[in-house]
Structures are given as structure tokens and as C-alpha cells.
Amino acid sequence: MKNLAIAVTAAALVLSGLTLVGCDDKVPPAESPAQEKARADNGTKLRTYFDKCNGNFDALSPTDKAEVVKLVGTEDNARKAFSYMVPSRGAGAAPGGPPASGPGVR
């Protein structure tokens, strides 16, 4: 019984030490209000282009495509961003998919 208590204590010490590995007190700084507004504005612009072409990146005019690429960096990123905005990508949104869950879902 004494050996069991020692083993449990040793295991608890090891596990508590493992949970602290990699932790530090540095918290990344929050974005400035200007950065946050710029990010939100870019999201709004991207959504406007998405809605304009009904989610089909190829249906955008070359000028609009260039603007979208300017917002996200590359054409590949633009296509990915458009694919993420399709409503059926959310949890439970696809027919026959699992029910939605999480905060605010009844």
C-alpha cells in the first residue's frame, strides 16, 4: 500500500510538471482598433465580391478577381476563402449532416 501511494504521488508530480512545460506568461498583444477595423472591412469587401458572383470565383470579372486576390494574397487563397463562405460548410448545415451544436444552439 505504501508503494502504491508513492507511485501515485510520483505520477501526479510528473503529470503536473508536464502540464507546465511550454507555458509562459507572455500573452500576445491585442490588435489595435485600426487593425481590427481593417480586418473587418476586408471581410466585408470579400463577402461583397462573393455575393456578387454567387460564390463562383470564376464568374468574377478580371478586375474583380484582381481586387479579391489583392485582399487575400493569392488566387488559391481567394478560392479557399470563397469555399469557406459557402453556407453548407457549417456544422449541421448539409442535408443529412449532424445536428448543429455549441453555444447558442437549442
Side-chain angles (χ1 to χ4, degrees):
M1 195 61 140
K2 186 176 178 182
N3 288 339
L4 178 61
I6 292 172
V8 168
T9 302
L13 288 173
V14 168
L15 290 175
S16 66
L18 289 176
T19 59
L20 296 176
V21 172
C23 294
D24 59 23
D25 60 352
K26 296 178 184 172
V27 176
E31 285 187 331
S32 71
Q35 288 173 315
E36 192 172 328
K37 182 176 178 350
R39 187 183 307 275
D41 289 346
N42 282 347
T44 301
K45 289 176 192 173
L46 189 60
R47 185 63 193 205
T48 300
Y49 286 113
F50 176 85
D51 291 341
K52 182 177 184 177
C53 67
N54 205 19
N56 181 1
F57 181 78
D58 294 321
L60 288 172
S61 70
T63 305
D64 287 345
K65 281 183 185 179
E67 287 297 315
V68 171
V69 168
K70 191 168 137 183
L71 288 171
V72 296
T74 66
E75 186 173 320
D76 189 47
N77 286 348
R79 291 179 185 280
K80 284 179 189 175
F82 272 37
S83 75
Y84 295 146
M85 288 190 279
V86 174
S88 65
R89 301 228 1 148
S101 63
V105 176
R106 296 177 192 227

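None of the values given here were measured: they were computed from a predicted structure. Numbers here are sequence positions counted from 1.
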Using residues 63-70 as the side-chain source, report each donor-acceptor pair under 3.5 Å to any protein atom, sequence neighbours left out, with the distance given to one decimal.
{"from": "Asp64", "atom 1": "OD2", "to": "Lys52", "atom 2": "NZ", "distance (Å)": "2.6"}
{"from": "Asp64", "atom 1": "OD2", "to": "Ser61", "atom 2": "OG", "distance (Å)": "3.4"}

Those residues at least two apart in sequence (or on a different chain) that pass side-chain contact (heavy atoms from CB on, under 4.5 Å) with Asp76 are Thr74, Lys80
Closest non-hydrogen contact found for Leu71 with Asn42 is CD2-OD1, 3.3 Å
Hits for side-chain contact (heavy atoms from CB on, under 4.5 Å) against Glu36, two or more places apart or cross-chain, chain-then-number order -> Glu31
Residues at least two apart in sequence or cross-chain that pass side-chain contact (heavy atoms from CB on, under 4.5 Å) with Asp41, listed by chain then number, are Lys37
Counting neighbours of CG on Asn56 that are heavy atoms of other residues, nucleotides or ligands and sit closer than 6.0 Å, is the number greater than 12?
yes
Smallest heavy-atom separation, Ala81 atom then Leu46 atom, equals CB-CD2, 3.8 Å
Arg79 meets the salt bridge (Lys or Arg N to Asp or Glu O under 4.0 Å) criterion, sequence neighbours left out, with Asp58, Glu75
Ala38 meets the side-chain contact (heavy atoms from CB on, under 4.5 Å) criterion, sequence neighbours left out, with none
Those residues at least two apart in sequence (or on a different chain) that pass side chain to side chain donor-acceptor pair (under 3.5 Å) with Asp51 are Arg47
Residues 53-75 vs ring pair (Phe, Tyr, Trp, His ring centres under 6.0 Å), sequence neighbours excluded, gives Phe57-Phe82
